[in-house]
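Both backbone and side-chain heavy atoms feed into the values below; hydrogens, waters and symmetry mates do not. Every chain is numbered from 1 and lettered A, B, ... according to where its sequence line falls, protein lines coming before strand lines.
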Protein chains: 2
Amino acid sequence: MTPHFVVATRPVNKPAFTRTDAEERRRLLIAAATRVLARDGASGASVRAIAQEAKVSPGLVTHHFGGIDALIAATYADVSAAVTAALDAAVAGAGDDPRARLSAYVAASFAPPIADRALLATWVAFWGLVIARDDVARLHDEQYAHFRGGIEGLLADCGVPPAACRRSAIAITALVDGLWLELCLSPEVFDAAEARAIAEAQIAALLDHQAQGERGEVQRD
Amino acid sequence: MTPHFVVATRPVNKPAFTRTDAEERRRLLIAAATRVLARDGASGASVRAIAQEAKVSPGLVTHHFGGIDALIAATYADVSAAVTAALDAAVAGAGDDPRARLSAYVAASFAPPIADRALLATWVAFWGLVIARDDVARLHDEQYAHFRGGIEGLLADCGVPPAACRRSAIAITALVDGLWLELCLSPEVFDAAEARAIAEAQIAALLDHQAQGERGEVQRD
DNA sequence: TTGCTTGTTGCACGATCGTATAGCAAGCAA
DNA sequence: TTGCTTGCTATACGATCGTGCAACAAGCAA
């Protein structure tokens, strides 16, 4: 017996969906992709999962981004910008003392929202794309150059001679990245405070060593 | 018109496949998984791709490992062991001077087969699993503890006081890992020789700084 | 109220995923 | 040669993947 009426699946006066400005919708999809990437990792970030997280139809991803790859790349750019903003804000709020600004940068690297297992999942997914795709590799190179440039500036303000800035910045970037990675992967080995102390000790050693080198007391390498 | 005979797809006297000892076959599958992981990354490491690389039927993966996850975990253990062996061999071949042994460790970290884009792809895939799965996370913790323990021993031989060994080892591990990661991700920014020089300069600064601290000249942190 | 623009839905398509299983056959033992 | 053990193949299954497309409808303009 077929019913002669259709059961309403929603209140008749409530819209089935809300139209949104294209750019705003893109932002919402990027935000959803960020959450899914953080929660389920790279393998879980499918078109359907992201669309469900954003409470929209899967077709919208193709419509606004042309494909899942472009959405992931846009998410990479967005997360990178958020990390940069968090680090810049920490440095800007540290006052005028160059050494304090450098310490603020390091401290922010090991504090939320940067030192976060969810952010690590996002970053690992991106590294996978950096290896596999040239366009994402270019995004990474730009971001890394930007990070290193920021450290170089902070080091120059601390009195590091220009000739040593580049290698010192690479060293500190690598140190912070390595500590950040292990802090997120195995939080029980050391905590954020110890990561910060380790980084500070290394930076102090680096600056002292360079100052001695300038005075001619020690000359290695 | 159906032919009255069947076309032979292979010489009648040649075996269609060769039987192999179970343990040996497991090794061959792990080797194939390593190659696929390095070539195509985590997303390309499917059962079918690995089986094709090993020139066997896909069913063999399930038969010998019970599932793709166990094969990937076994591959992780195998690659970790290979890295450990390469580092140990470099240290063992460096003679008796403690400082030279530490330098050999660092140099090996930035040379083949360790500093290799293919190995990075494998490692990134593993990190994704470390985040998603507890059993792989335990594998990682064991490996990291092993690496750090090795550095701690080398540092102790270099005269670093026991109380400082732990944090110094974490610092050097993070520094080398960070340099290794960026060296593999963006080989055009700096090369292996510069990575080695940067790491050596940091280690020199660390050891000098600690020696000064012991003599009471400087006391920070 | 009417019409138009376009953001959005919902479904279908082929490809590929991991896994289970029935049966074949390689190679050793007798 | 015969028989047996078991490594191995081949196939099928359901689930899920990314994408394309036609129709729908929300919301503004007139």
Side-chain angles (χ1 to χ4, degrees), chain A residues 6 8-30 32-33 36-37 39-75 125 128-129 132-133, chain B residues 6 8-30 32-33 36-37 40-75 125 128-129 132-133 136:
Chain A
V6 176
T9 58
R10 61 184 169 87
V12 287
N13 289 331
K14 188 177 180 182
F17 60 91
T18 56
R19 298 171 77 92
T20 308
D21 176 68
E23 192 175 350
E24 170 67 12
R25 181 65 76 192
R26 284 171 57 96
R27 274 195 292 270
L28 292 173
L29 282 171
I30 288 174
V36 171
L37 225 35
R39 192 205 316 131
D40 304 322
S43 62
S46 67
V47 169
R48 285 169 178 81
I50 294 171
Q52 187 177 13
E53 175 71 26
K55 296 187 174 64
V56 297
S57 162
L60 256 198
V61 171
T62 305
H63 182 258
H64 282 295
F65 288 91
I68 181 66
D69 288 346
L71 172 55
I72 299 296
T75 305
L129 292 180
R133 291 177 40 191
Chain B
V6 176
T9 56
R10 59 185 170 87
V12 288
N13 288 333
K14 186 178 181 182
F17 59 93
T18 55
R19 300 172 75 92
T20 308
D21 176 67
E23 192 175 351
E24 170 66 12
R25 181 65 77 188
R26 286 172 55 96
R27 274 195 293 270
L28 292 174
L29 283 170
I30 288 174
V36 171
L37 225 35
D40 303 323
S43 62
S46 66
V47 169
R48 285 169 178 82
I50 295 171
Q52 187 176 14
E53 175 71 27
K55 295 186 175 63
V56 296
S57 160
L60 255 199
V61 171
T62 305
H63 183 255
H64 283 294
F65 288 92
I68 181 68
D69 288 347
L71 171 55
I72 299 296
T75 305
L129 292 180
R133 290 177 41 188
V136 182

> Minimum heavy-atom separation for Leu29(A) to Ala54(A), with atom names?
Replying inline: CD2-CB, 3.9 Å
Nucleotides 14-17 of chain D: which of its N/O atoms have a protein N/O under 3.5 Å away?
from, atom 1, to, atom 2, distance (Å)
dC17(D), OP1, Ser46(A), OG, 3.1

>> If the condition is side-chain hydrogen bond (donor to acceptor under 3.5 Å, both in side chains), which residues does Glu24(B) pass it with, not counting sequence neighbours?
In response: Arg27(B)
> Looking at residues at least two apart in the chain, or sitting in another chain, which of them share a salt bridge (charged side-chain N to carboxylate O under 4.0 Å, His left out) with Arg133(B)?
Replying inline: Asp69(B), Asp135(B)
> Do you know the tightest heavy-atom contact between Val36(A) and Gly44(A)?
Replying inline: CG1-O, 3.7 Å
Output side-chain donor-acceptor pairs under 3.5 Å for residues 55-67 of chain B, partner residues at least two apart or in another chain, one line each.
from, atom 1, to, atom 2, distance (Å)
Ser57(B), OG, Gly59(B), N, 3.3

>> Without decimals, in angstroms, what is the distance between Glu24(B) CD and dA26(C) P?
In response: 20 Å
> Who passes side-chain hydrogen bond (donor to acceptor under 3.5 Å, both in side chains) against Thr20(A), sequence neighbours left out?
Replying inline: Arg25(A)
> Less than 3.5 Å between a donor and an acceptor, one on the side chain of Arg25(A) and one on the base of dT8(C), is that the case here?
Replying inline: no
> In whole Å, what is the span from the CG atom of Asp40(B) to the C1' atom of dC17(C)?
Replying inline: 15 Å
> Should dA30(D) form a Watson-Crick or G-U wobble pair with both distances under 3.5 Å, which nucleotide is its partner?
Replying inline: dT1(C)
> What is the distance, rounded to the nearest whole Å, between atom CG of Asp21(A) and atom P of dT5(C)?
Replying inline: 18 Å
> For Ala42(A), which residues count as a side chain to side chain contact (heavy atoms under 4.5 Å, CB included) partner, sequence neighbours excluded?
Replying inline: Ala125(A)
> Within the pair Thr20(B) and dC8(D), is there a side-chain N or O less than 4.0 Å away from OP1 or OP2?
Replying inline: yes
> Of all of residues 50-69 of chain B, which get a heavy atom below 4.0 angstrom from DNA chain C, listed by number?
Replying inline: Thr62(B), Gly67(B), Ile68(B)
>> Distance check needed: dT9(C) P versus Arg19(A) CZ, whole Å only.
In response: 11 Å
> With sequence neighbours left out, what residues match Arg39(A) under salt bridge (charged side-chain N to carboxylate O under 4.0 Å, His left out)?
Replying inline: Glu53(A)
>> Tell me every residue that passes side-chain hydrogen bond (donor to acceptor under 3.5 Å, both in side chains) with Arg26(A), counting only those two or more places apart in sequence or in another chain.
In response: none
>> Without decimals, in angstroms, what is the distance between Phe17(A) CZ and dT8(C) C1'?
In response: 4 Å
